[in-house]
Amino acid sequence: VGSEMCIRDRPWFEKIQDKYAHSLDWSLKHRAIPLLAAVVLLPIVLLCVQAFVPPFDALMISTGSAPLRLLPIPFSAEQWQMLFNQSTYWQAFWNSLIWTVGACVVQVIVAFLGGYVLAKYPARWCVAIAGLYTLMMLMPPQMTLLPIYRVAYANKLLNHPMLLYAPIAFAPFGTFFMRQWLLRWPDELTEYLRLEGGSSVKLLWYCLAPYALPGMLALFALTFTEGW
């Protein structure tokens with residue numbers, strides 16, 4: 001142990017340590033991370049490129065009569081023209097977009113308010129409800145299909161878009177996500193605002209909403225990706 005401490009006290013040993021630490025940091029930033037990003041983005045790039053395969057070649061590839069090529073030659077936009085010329089496509093596009101954005105907005109608002117209550121109210125039942133939210137997140141979606149159907153049947157919501165987007169708007173993940181975000185808000189700032197005469201509405205609008213804005217944007221993006 002004594003010899004090891006003597007070696008560590010030498011300046012040259014510290015220089016070697018710094019050199020290897022800098023080399024490892026440079027390798028991670030300039031090699032490992034770009035390589036990982038390329039591997040993650042490769043399926044998306046291939047999907048975008050294969051979208052320009054000519055219709056006949058796409059049919060041959062789907063039936064196995066022709067091999068899949070990384071670069072389709074020639075590039076074709078004929079299928080895109082056929083798609084964009086269909087009025088039913090645009091109707092379905094805007095319908096799904098409007099309903100999804102509405103469900104995401106409701107999800108963010110409900111998650112922000114519910115996360116604030118579960119994170120900052122000093123009550124034992126808040127901890128119990130947060131545990132129930134976690135338990136609901138662990139449930140597979142198949143377990144909730146029958147209860148959702150029975151509730152929709154009782155409220156005459158079958159074959160209605162609300163049946164698709166209401167589970168997205170009130171999903172437990174959003175409240176759990178915002179609770180974890182708002183737990184980092186210092187309680188001392190809340191007490192200071194209370195002493196200055198600030199109400200709960202002012203606290204939420206002027207303090208917590210700007211603080212939680214990055215979390216709400218991330219939640220909106222995740223919910224939109226899942227819902228649309």
Side-chain angles (χ1 to χ4, degrees), residues 25-26 28-30 32-34 36-41 43-45 48 93-141 144 148 151 157 160-228:
D25 182 66
W26 187 90
L28 288 175
K29 288 183 178 179
H30 296 84
I33 295 179
L36 179 62
V39 171
V40 172
L41 292 176
I44 301 177
V45 174
C48 295
F93 174 83
W94 289 113
N95 184 39
S96 61
L97 181 63
I98 292 172
W99 276 96
T100 305
V101 171
C104 292
V105 171
V106 174
Q107 164 74 300
V108 170
I109 295 174
V110 172
F112 173 67
L113 298 177
Y116 168 70
V117 172
L118 296 181
K120 294 304 177 182
Y121 267 57
R124 294 182 178 179
W125 57 268
C126 291
V127 179
I129 293 179
L132 289 177
Y133 269 88
T134 306
L135 182 62
M136 293 174 62
M137 290 171 53
L138 296 176
M139 291 183 179
T144 59
I148 291 176
V151 172
L157 290 176
H160 194 277
M162 185 66 69
L163 181 59
L164 293 176
Y165 296 101
I168 300 174
F170 299 99
F173 170 75
T175 304
F176 174 82
F177 181 83
M178 293 308 303
R179 176 183 179 270
Q180 298 303 116
W181 190 281
L182 293 173
L183 280 175
R184 300 182 298 176
W185 173 262
D187 294 333
E188 292 79 7
L189 292 179
T190 303
E191 295 177 1
Y192 172 76
L193 293 171
R194 296 293 188 187
L195 292 175
E196 292 294 326
S199 61
S200 298
V201 176
K202 291 183 178 180
L203 174 65
L204 290 173
W205 183 255
Y206 293 106
C207 298
L208 290 178
Y211 173 77
L213 181 60
M216 290 190 286
L217 292 177
L219 178 61
F220 183 92
L222 293 173
T223 306
F224 184 85
T225 304
E226 180 185 1
W228 201 36

Chemist: Give a yes or no on whether the ring-centroid distance for Y116 and W181 is below 6.0 angstrom.
Modeler: no

Chemist: Going through the checks in order, is the side-chain contact (heavy atoms from CB on, under 4.5 Å) test met by L113 and M178?
Modeler: CA-CA 9 Å; L113 298 177; M178 293 308 303; over 6 Å; no

Chemist: Start with the C-alpha gap between L222 and T225, add the side-chain angles, then the distance that decides, and say whether side-chain contact (heavy atoms from CB on, under 4.5 Å) holds.
Modeler: CA-CA 5 Å; L222 293 173; T225 304; 5.8 Å; no

Chemist: Does the side chain of I168 come within less than 4.5 Å of F224's, by heavy atoms?
Modeler: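 Side chain of F224 against side chain of I168, heavy atoms only: no contact under 4.5 Å found.
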
Chemist: How long is the straight-line distance from OG1 of T223 back to CE of M216, given to the nearest 0.5 Å?
Modeler: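 Taking CE in M216 and OG1 in T223, the distance rounds to 12.5 Å.
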
Chemist: Would you name the heavy atoms of A111 and L219 that are closest together and state the gap between them?
Modeler: CB-CD2, 3.6 Å

Chemist: Roughly how far apart are T190 OG1 and L195 CG, rounded to 0.5 Å?
Modeler: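 Taking OG1 in T190 and CG in L195, the distance rounds to 11.0 Å.
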
Chemist: For M162, is the CE atom crowded, meaning more than 12 foreign heavy atoms sit under 6.0 Å from it?
Modeler: no

Chemist: Apply side-chain contact (heavy atoms from CB on, under 4.5 Å) to the pair C207 and L193, showing each step before the final yes or no.
Modeler: CA-CA 9 Å; C207 298; L193 293 171; 3.4 Å; yes

Chemist: Would you say Y192 has more than 12 foreign heavy atoms packed within less than 6.0 Å of its OH?
Modeler: no

Chemist: I would like to know whether F220 and V105 meet side-chain contact (heavy atoms from CB on, under 4.5 Å); could you show each step before the answer?
Modeler: CA-CA 7 Å; F220 183 92; V105 171; 4.1 Å; yes

Chemist: Which of parallel (below 30°), tilted (30 to 60°) and perpendicular (above 60°) describes Y165 and W99?
Modeler: parallel

Chemist: Salt bridge (Lys or Arg N to Asp or Glu O under 4.0 Å) with K202: which residues, sequence neighbours excluded?
Modeler: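 Once residues adjacent in sequence are excluded, K202 has no partner under the salt bridge (Lys or Arg N to Asp or Glu O under 4.0 Å) criterion.
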
Chemist: State, to 0.1 Å, how close T100 and W228 come at their nearest heavy-atom pair, and which atoms those are.
Modeler: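 For T100 and W228, the tightest heavy-atom pair comes out as OG1-CD1, 3.5 Å.
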
Chemist: Identify the two heavy atoms, one from Y133 and one from T175, that lie closest to each other, and give their separation to 0.1 Å.
Modeler: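 So the two residues come closest at CE2-CB, 3.6 Å.
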
Chemist: So how far is it from L36 CG to L41 CG, rounded to the nearest 0.5 Å?
Modeler: 9.5 Å

Chemist: What is the ring orientation for F177 with F173, classed by angle as parallel under 30°, tilted 30 to 60°, or perpendicular over 60°?
Modeler: tilted

Chemist: Could you tell me the separation between the CG atom of L163 and the CD1 atom of I148, rounded to the nearest 0.5 Å?
Modeler: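 Result: 7.5 Å between the selected atoms.
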
Chemist: Mark yes when over 12 heavy atoms from residues, nucleotides or ligands other than R124 sit less than 6.0 Å from its CZ; otherwise mark no.
Modeler: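 Counting other residues, nucleotides and ligands, CZ of R124 stays at 12 neighbours or fewer.
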
Chemist: So with a 6.0 Å cut-off around CD of E226, is the heavy-atom count from everything else above 12?
Modeler: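 Not buried by this count: 12 neighbours or fewer within 6.0 Å.
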
Chemist: Atom CZ of F93 and atom CD1 of I98: how far apart are they, to the nearest 0.5 Å?
Modeler: 10.0 Å

Chemist: Just wondering, do V106 and F170 contact through their side chains at under 4.5 Å, heavy atoms?
Modeler: yes

Chemist: Under 6.0 Å from the CH2 atom of W205, do we count more than 12 heavy atoms belonging to anything else shown?
Modeler: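 For W205, atom CH2 is not crowded (no more than 12 foreign heavy atoms under 6.0 Å).
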
Chemist: Tell me the closest heavy-atom pair linking K120 and W185, and the distance in Å.
Modeler: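 Closest heavy-atom pair between K120 and W185: NZ-O, 2.5 Å.
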
Chemist: If I compare all heavy atoms of A130 with all of R179, which pair ends up nearest, and what's the gap?
Modeler: CB-NE, 3.5 Å

Chemist: How long is the straight-line distance from OH of Y211 back to CG of L182, given to the nearest 0.5 Å?
Modeler: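 These two atoms lie 7.5 Å from each other.
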
